[in-house]
**Student:** 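Provided herewith is a single structure, encoded as structure tokens, for subsequent inquiry.
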Amino acid sequence: MTLIIILVVVAVLLVGSIGFFVLRSRSRPPTSSSPQPRVLPEVLAPESVQEQEHEPRGPPETLPEQAGGAPEYRERLSRSRGIFATLRGLSSKSTFDQETIDALEEALLGADVGVATTDFLLGRVQEVAKATKSDDVIALLRAELLEILSHRPDGEVIDRSLSMDVPADRCAVWLFVGVNGVGKTTTIGKLATRETASGKKVVLAAGDTFRAAAAEQLAQWGERSGAEVVRGAEGGDPSSVVYDAIARGKARGCDLVLADTAGRLHNKVNLVEELKKIRRVADKEPGHVAEVLLVLDATTGQNAVSQARQFMEAVDATGVVLSKLDGTARGGVVVAIQRELGLPVKLVGLGEGKDDLVSFDPAAFVDALLAP
Amino acid sequence: MFDALSERLDRIASKLKSRGRLSDADVDEALQEIRVALLEADVELGVVRNFLDGVRTRISGQELSKAVSPGQQVVKAVHEELINVLGGDVLKISYSSQPPTVVLLAGLQGAGKTTTAAKLARWFKQQGRNPLLVAADLQRPAAVEQLRVLGDQIGVNVFSEASDPVSVARNGVEEARRLGRDVVILDTAGRLAIDEALMGEVREISNATTPDYTFLVIDAMTGQDAVATAKSFHDTLELDGVIVTKLDGDARGGAVLSVKEVVGRPIAFASTGEKIDDLDLFYPDRMADRILGMGDILSLIEQAERTMDADVVAKSTGRMLDGSFTLDDFVDQLGQVRKMGSIGGLMKLMPGMTKEMRQAADQVDDREIDRVEGIVRSMTTSERRDPSLIDGSRKRRIAMGSGRSTQDVNQLLKQFREMQKMMKSMGGGGAMPKGKLGMAKAMMGRGGPDLSSLDPSMMGKPAPGTGLPPELTGMGQASPAHGAPTSKSGQRNKKKKGGRVTPRKDR
């Protein structure tokens, strides 16, 4: 209680003095401006449904894990520019010197892996190199990266499957969360295509009632994928839209509800509270939240760690969808997220077409990360 | 998450306090710390390298002033260099002598082009212009619809047609000419810098409309890839400036520095919120603070601006200043504290908190706040107005009423009295720093809070007896500094900043 009283008093003082300042800086007479309604969407979901020509291919989850497999994944990732180009020569080097370490460090930092995780990886590589007298630094680094991405600290293999595990008579709900403009709606569109193709009956919940025309965007994806879309009024309560979708899905014997939510920055308290409510409501009968997927933009830097932390805390995110990995960004921050927070990547977005969503393949990802 | 950069630099510098000058080795060590800070802020590697060269020339051989800590002096040098790089020439919009003035927005998917287009239209409208929005994003489903809705909200027409993006853009400019609009804003589809077909398309749009201003819209959260993207767009379109979006997040925004360095054109606008008015001119000094991790207080203030109920705050801060702050006001103010989020979160933003205290604050259950409020609510109206009425028997009654112990009641009253004292000193405190930045600076300043006198080991333990625990006495001296910058720090700050800090416009 002592602590509480101190904190409360300090907080009141702090807020009071800020209030004092805010008032002084206001030029017009203060009006009541308690939690302001959001008037405008900040940023848009990206991407297009433009029909792209893709040769037919098997369901993505059958992508083989070994190095030779997943040609498409590899081919598309290899478009990335080559910061690792300099490393090619290094792998044949006989000594493991400062220059090598600097080159590795540069490569990892350049791929957005982040300072702490880069230091950790290099420490491990040096340790192992010393112990095993191995000089193939690339192979060592690759092994360390793969270790982080495929095993939990306790050695257990990381489970990347998307759960359909729900109590009897409940409908599985996958909830999509993330900051603005990462590609939540597009991811749902692509996933709806994939899941309906695999024979599931899918309902899409247009839970983004905030951004202008977001429901419209999802509706177009619904048409494309053949999934039913449940929408509410623009500006309406997202929780009730999600609940309605679940109830409708249940009534029609659907297997899966994919619930869209409005993009929200993870540091906006009110919006995060709203998201918590959506999750609570979706978990009520007849629904059951089986996955909470955090969509992260591969171009995002170290802030992605902060996003992951906040969304895990608020809504127990169960996995990451790494979108826009078909660009030049390598998305190395997911290594840091896996290592620091234990949140695994489950899906990867590789483009704007309806089939451009694949299961995460650590080996292919690491190779792309290390590719020239 | 990170210690403030200056703290880390102080640690390096602590061993050279006796010397008057930074040696090369000291500089190297300091630069290493700065490098880490910049990388954590997502500044691109190559840009970091160039930047550090600039800092090195600034701090090498510099005389160390005795008045300020070496860490602060190095931070100041870094800060100046950041402003130097981020600022430079400011973009001044000059309107075409043959209207319309054409503005083209381009960028990656999800950077925020459509929203920015609407915000920009609103901005031009406020400048007394008559803009037209053109929806040339025909790729993303419902993008046109989105721009149309936004256009309706701000009363700006949106031109669209079902053809191809190049024709839409060309015809949009024609339409503006026909309607006598003097500004045209072209919203284009998001595209990857390596997508040759789409980059070719945006070049065609540019050729067809010969824009007066071409802006790259970039997300403040972007990582190392910012440089490649900016380079590619600059090569394709010859950018005139950059617009940074999502600055209301907690990203440090190092990408802004990367992009600025690569493009060499001004950062024109910054988008700082979800409301249509939240587009601001870009302030290099604010961005510099943010990249260095000094922007936390700034974001706290901004958060307060967004969530506070002005009437309540006006009433209670008024009383705060004239010394008539009562326990009623305390409860009102507590409501405002709640609106700003969890106490733990709030404390994390507070400068001068030690790591242990942050951890302690993290464990606080916000429902405990209700208990504090419960104590106040168990008092009578006259007790709340004049706590000196509260004697032993009243204390027992209040404790019973709120389900707390008399010690808790005692403690609250004691703390409240401390607080009143501080408030009085605030009221007579004189000059407040100007501008939000000034405020933040003053709060961050070295004369700032010394909360270290709060013993973290004591926190979280049950109230130790009825007497005032020793750690609480520290608060009396500590808090006024962060609560209300004293006139001294205010003036120092004013002097330092000169006339450059402009208070942000009302939203």
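In what follows, every chain begins at residue 1, and chains take the letters A, B, ... in the order their sequences are listed. All of these numbers come straight from a predicted model, not from anything done at the bench.
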**Student:** Tell me, for A/E234 versus chain B, whether the close heavy atoms (under 4.5 Å) come from the side chain, the backbone, both or neither.
**Tutor:** side chain
**Student:** Could you tell me which portion of B/R35 (side chain, backbone, both or neither) has an atom closer than 4.5 angstrom to a non-hydrogen atom of chain A?
**Tutor:** side chain
**Student:** When rounded to the nearest 0.5 angstrom, what distance separates CG in B/D219 from OG1 in A/T300?
**Tutor:** 6.0 Å
**Student:** Do A/Q307 and B/D250 come close enough that some side-chain heavy atom pair is under 4.5 Å?
**Tutor:** no
**Student:** Considering all heavy atoms of both residues, which atom of A/A213 and which atom of B/E145 are nearest to each other, and what is their separation?
**Tutor:** CB-CG, 3.4 Å
**Student:** Mind checking the CG-CG spacing from B/D42 to A/L109? Nearest 0.5 Å is all I need.
**Tutor:** 11.0 Å
**Student:** If we ignore angles and hydrogens, is there a donor and acceptor under 3.5 Å between the side chains of A/T328 and B/D225?
**Tutor:** yes
**Student:** I'd like to know if the side chain of A/D297 and the backbone of B/A111 have a donor-acceptor N/O pair within less than 3.5 Å.
**Tutor:** no
**Student:** In terms of heavy-atom proximity below 4.5 Å to chain A, should B/A193 be classed as side chain, backbone, both, or neither?
**Tutor:** neither
**Student:** Please classify the contact between A/V333 and chain B as side chain, backbone, both or neither, with a heavy-atom cut-off of under 4.5 Å.
**Tutor:** neither
**Student:** Do the side chains of B/E274 and A/R264 get nearer than 4.5 Å, heavy atoms only?
**Tutor:** no
**Student:** Once rounded to the nearest 0.5 Å, what's the spacing between atom CZ of B/R140 and atom OG1 of A/T186?
**Tutor:** 8.0 Å
**Student:** Considering all heavy atoms of both residues, which atom of A/V115 and which atom of B/E40 are nearest to each other, and what is their separation?
**Tutor:** CG2-CG, 4.1 Å
**Student:** Write down the atom of A/L265, the atom of B/G249, and the distance for their closest heavy-atom approach.
**Tutor:** CD1-N, 3.5 Å
**Student:** First locate atom OG1 of B/T222, then atom CG of A/N303, and finally report the distance between them rounded to the nearest 0.5 Å.
**Tutor:** 10.0 Å
**Student:** Below 4.0 angstrom, N of the basic side chain to O of the carboxylate: do A/E106 and B/R49 qualify?
**Tutor:** yes
**Student:** Side chain, backbone, both or neither: which part of B/L108 has a non-hydrogen atom closer than 4.5 Å to chain A?
**Tutor:** side chain
**Student:** Any idea which heavy atoms bring A/E216 and B/A142 closest together, and the distance?
**Tutor:** CG-CB, 3.6 Å
**Student:** Of the backbone (N, CA, C, O) and the side chain (C-beta and beyond), which part of B/L45 lies under 4.5 Å from a heavy atom of chain A, both, or neither?
**Tutor:** side chain
**Student:** Which atoms of B/R122 come close to chain A, meaning under 4.5 Å heavy atom to heavy atom: side chain ones, backbone ones, both, or neither?
**Tutor:** neither
**Student:** Heavy-atom cut-off 4.5 Å, strictly under: side chain, backbone, both or neither for A/E223 against chain B?
**Tutor:** neither
**Student:** Going from CD on B/Q146 to CZ on A/R211, what distance comes out if it is rounded to the nearest 0.5 angstrom?
**Tutor:** 5.0 Å
**Student:** side-chain contact (heavy atoms from CB on, under 4.5 Å), that's the test. Do B/Q109 and A/E352 meet it? Break it down for me.
**Tutor:** CA-CA 10 Å; B/Q109 291 95 339; A/E352 303 182 309; 2.4 Å; yes
**Student:** Under the side-chain contact (heavy atoms from CB on, under 4.5 Å) criterion, do B/T229 and A/T299 qualify, and how do the steps go?
**Tutor:** CA-CA 10 Å; B/T229 298; A/T299 55; 5.6 Å; no
